[in-house]
Amino acid sequence: MQIYNTMTRKKEELVPIVPGQISMYACGPTVYNYFHIGNARPFIVFDTLRRYLEYRGYQVRFVQNFTDIDDKMIRRANEEDTTVKELGERFIKEYYQDADALGVVRATANPRATEHIQEIIDLVSTLVEKEHAYVTPGGDVYFSVRSFDGYGKLSGQNIDDLENGARVDPGEDKRDPLDFALWKAEKPGEPSWDSPWGKGRPGWHIECSAMSMSILGQTFDIHAGGQDLVFPHHENEIAQSEAATGKPFAHYWMHNGYINIDNQKMSKSAGNFFTVRDIAKEFDLEAVRMFMLSVQYRNPVNFSRELIQQAESGLERLRTARGRIKDAPIARGDSDEDEAFLASLNDFKTRFCNAMDDDLNTADALGVLFELARAANTFVSQPRGQAAVDATRALFDELTGVLGLLCHKKEEAFPQKAIDMLGERQKARKTKNFKRADELRDTLKDMGYAVEDTANGPKLKKLS
RNA sequence: GGCGCCAUAGCCAAGCGGUAAGGCAGAGGUCUGCAAAACCUUCAUCCCCGGUUCGAUUCCGGGUGGCGCCUCCA
């Protein structure tokens, strides 16, 4: 599989450190609010990568953290008149609710920064010992950017150019404007932990280094996140981690593009965002997943309700195809056509994998899936051999499963009343009482159920 | 100022040297009591100008127009 590596700015063959295994870390949410649709992109994209790698037989260790202590957490907790701990607990729960609905498989581990304070302190201590970090009189600890030769290698930034634009807040005892905080001395009313430098709390960047390395080891395969984390967050992570260990940190750096609103980046600070929770009021979140996967992950994509509706329509086509395959009429014995179709199934699978192997080209893979849907629709329009139908269904489920699509069981459990009405309509049709039949169909529609007359009799379908 | 990305039909989006996948929407048709679904047909020479090449949407140069990072941010 080829993966675009931000570090080298080109696609590279994915070669795991340990054959057959992949270790990957993705920067997770700061749990101070519901996450928005832009935050959802990396969750969905890297979940899809994880699913695909597992599909291809890799044993994947996938770690995504929760940042549950930082400036935003503290500010929000004060606003809400609650504690940082309670705030974090609450929004971690909310995260899972939305992520589950988006079809995101639970990570192998979801470490929280506050549960890794010791590892953070150990890492900072090492950096101080190696003189890559220094302690200020006030009890802050800063990383010395100029002490690390490779600084800027990920983002392509030149250290001297950065110097010009760098900002120093008054009261900071930095030796160099580029230096960043590893440990922040306690301020009144803020959560704090004991450390060799007095009470305080970790800086943001060091959290991810400590959590990733303590779970995945000093060097691991893939580090992922949004494009806006390339600088400074990931650059800083590399500096800290490699300065401390003397080893390469991550082999591949993957960054997803933004979700835009009217071609402008969606962000919490800009205020032009939609939370996933809000979207869930109007749409099945599977449509959001579909929407995300309809674009290659590195490209920017605009968000709008219309686009989610388009995605929902496409999803419905896939859903219908699955239903038709599931209810396909079975012929006695196999035919040559069955054989031929069986053989063509492999081509679909190959093309699907080729697309995914090309830096997770889900848009292309989806195209293959739609072509499979059409071929299958045609194939099952007349009785076919059991083996061929089974294989078609298996492949269809397999490929939609890799993308995490069609996992919501929305056609289950119709109310008895609707089922009775459908039966009554069928009776009316038998006696050519089409007026009555159409009335019942209209009533069912008002109740939220569409009626489709298929070769196997009438079927109900829940309208979305 | 430094670093970088993008420009393909009404909308979304693949392709990236040999004359454009797929989806949504639209039009016509088959099927259907009528629908729905499905299937068939139909709907683009790829922002502009140069260059390289037998041949460029695809490579190179120059424009034009969007956007991002350099400050918390997926």
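Chain naming here is simple, since letters A, B, ... match the order of the sequence lines and numbering starts at 1 in each.
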| query | By ring pair (Phe, Tyr, Trp, His ring centres under 6.0 Å), which residues pair with Phe274(A), not counting sequence neighbours? | reply | Phe303(A)

| said: Within the 4.0 Å heavy-atom criterion, would you say Asn39(A) contacts the bases, only the backbone, or no part of the nucleic acid? | reply: base

| task | For rC16(B) and rA74(B), measure between their C1' atoms and round to the nearest Å. | result | 28 Å

| note | Of the listed rC11(B), rC72(B), rA38(B), the closest approach to the Trp204(A) side chain comes from rC72(B)

| What integer number of Å spans the C1' atoms of rU57(B) and rU53(B)? | 16 Å

| field | Closest listed nucleotide, where the reference is the side chain of Asp228(A) and the choices are rC12(B), rG4(B), rA74(B) | value | rA74(B)

| said: Once you apply a heavy-atom cut-off of 4.0 Å, does Val451(A) come out as touching a base, just sugar-phosphate, or nothing? | reply: base

| Contact class for Lys72(A) vs. all strands (heavy atom < 4.0 Å): base, sugar-phosphate, or nothing? | sugar-phosphate

| query | Of Tyr4(A) and Ser381(A), whose closest RNA chain B nucleotide lies nearer the 5' terminus? | reply | Tyr4(A)

| So, is Gln157(A) near the phosphate of rG4(B), with a side-chain N or O under 4.0 Å from OP1 or OP2? | no

| query | In whole Å, what separates the P atom of rC5(B) from that of rC11(B)? | reply | 26 Å

| Considering only rG33(B), rA38(B), rC73(B), which nucleotide approaches the side chain of Thr320(A) most closely? | rA38(B)

| remark: Any strand, both distances under 3.5 Å, Watson-Crick or G-U wobble: rU45(B) pairs with none

| remark: The correct set of residues in residues 429-445 of chain A placing a heavy atom under 4.0 Å from RNA chain B is Arg429(A), Phe434(A), Asp438(A), Arg441(A)

| query | Got a sec, which residues hit ring pair (Phe, Tyr, Trp, His ring centres under 6.0 Å) with Phe46(A), two or more places apart in sequence or on another chain? | reply | none

| query | When we call it a touch if two heavy atoms are under 4.0 Å apart, what does Arg305(A) touch: a base, just sugar-phosphate, or nothing? | reply | nothing

Below 3.5 Å between N/O atoms, which protein atoms pair up with nucleotides 23-27 of chain B? Just atom names and distances, please.
{"from": "rG23(B)", "atom 1": "N2", "to": "Gln310(A)", "atom 2": "OE1", "distance (Å)": "2.9"}

| said: Can you check the distance between rU45(B) and rG33(B), where both ends of the measurement are the P atom (answer in whole Å)? | reply: 41 Å

| query | Taking only residues two or more places apart in sequence or in another chain, which ones pass ring pair (Phe, Tyr, Trp, His ring centres under 6.0 Å) with Tyr449(A)? | reply | Phe414(A)

| field | Identified pairing partner of rA38(B), criterion: Watson-Crick or G-U wobble below 3.5 Å | value | rU30(B)

| request: Can you tell me the distance, in whole Å, between the CZ atom of Arg298(A) and the P atom of rC69(B)? | output: 18 Å

| task | Using both distances under 3.5 Å as the test, list the Watson-Crick or G-U wobble partner of rC5(B), or none. | result | rG66(B)

| query | Who are the side-chain hydrogen bond (donor to acceptor under 3.5 Å, both in side chains) partners of Asn354(A), not counting sequence neighbours? | reply | none

| query | How many angstroms lie between atom CE of Met254(A) and atom CG of Asp359(A), to the nearest 0.5 angstrom? | reply | 5.5 Å

| request: Determine the Euclidean distance between corresponding C1' atoms of rA7(B) and rG18(B); express it in Å to zero decimal places. | output: 24 Å

| remark: If pairing means Watson-Crick or G-U wobble with both distances under 3.5 Å, then the partner of rG55(B) is none

| Members of residues 253-263 of chain A that approach RNA chain B, where some heavy atom sits under 4.0 Å away | Asn256(A), Gly257(A), Tyr258(A), Ile259(A), Asn263(A)

| request: Look at Lys265(A) together with Asp228(A) and state whether they make a salt bridge at an N to O cut-off of under 4.0 Å. | output: yes

| message | Judged by each residue's nearest nucleotide on RNA chain B, which is more toward the 5′ side, Ser155(A) or Val368(A)? | response | Ser155(A)

| field | Distance between P atoms of rC47(B) and rA20(B) (Å, rounded) | value | 15 Å

What nitrogen or oxygen pairs link the protein and nucleotides 13-17 of chain B at under 3.5 Å?
{"from": "rA14(B)", "atom 1": "OP1", "to": "Gln296(A)", "atom 2": "N", "distance (Å)": "2.8"}
{"from": "rA14(B)", "atom 1": "OP1", "to": "Asn299(A)", "atom 2": "OD1", "distance (Å)": "3.1"}
{"from": "rA14(B)", "atom 1": "O3'", "to": "Asn361(A)", "atom 2": "ND2", "distance (Å)": "2.8"}
{"from": "rA14(B)", "atom 1": "O2'", "to": "Asp364(A)", "atom 2": "OD1", "distance (Å)": "3.0"}
{"from": "rA14(B)", "atom 1": "O2'", "to": "Asp364(A)", "atom 2": "OD2", "distance (Å)": "3.3"}
{"from": "rG15(B)", "atom 1": "OP1", "to": "Asn361(A)", "atom 2": "ND2", "distance (Å)": "2.7"}

| Crowding at CG, Asp446(A) (>12 non-hydrogen neighbours, <6.0 Å) | yes

| field | Residues which pass salt bridge (Lys or Arg N to Asp or Glu O under 4.0 Å) with Arg146(A), listed by chain and number, not counting sequence neighbours | value | Asp160(A), Glu163(A), Asp176(A)

| field | Ion pair check, Asp47(A) and Arg51(A), cut-off under 4.0 Å | value | yes

| said: With a 4.0 Å cut-off on N to O distance, would you call Arg90(A) and Glu80(A) a salt bridge? | reply: yes

| task | For the residue pair Phe66(A) and Tyr96(A), categorise the inter-ring angle as parallel (less than 30°), tilted (30 to 60°) or perpendicular (more than 60°). | result | perpendicular

| Does the pair Asp358(A)/Lys11(A) count as a salt bridge with the N-to-O cut at 4.0 Å? | yes

| In chain order, what residues pass the side-chain hydrogen bond (donor to acceptor under 3.5 Å, both in side chains) check against Glu242(A), with sequence neighbours excluded? | Lys153(A)

| rC40(B) to rC69(B) separation - C1' atoms, rounded to the nearest Å | 50 Å

| task | Measure distances between side-chain N and O atoms of Asn158(A) and base N and O atoms of rC70(B), and say whether any donor-acceptor pair falls under 3.5 Å. | result | no

| Qualifying ring-ring contact (aromatic ring centres under 6.0 Å, His included) pairs with a residue from residues 360-383 of chain A, counting only residues at least two apart or across chains | Phe341(A)-Phe379(A)

| message | Going by the rule ring pair (Phe, Tyr, Trp, His ring centres under 6.0 Å), which residues pair with His205(A) if we only count those two or more places apart in sequence or in a different chain? | response | Phe180(A), His233(A)

| message | Taking only the P atom of each, what is the distance from rU52(B) to rU64(B) in whole angstrom? | response | 23 Å

| task | If the plane angle is over 60° it's perpendicular, under 30° parallel, otherwise tilted; pick one for Phe43(A) and Phe35(A). | result | perpendicular

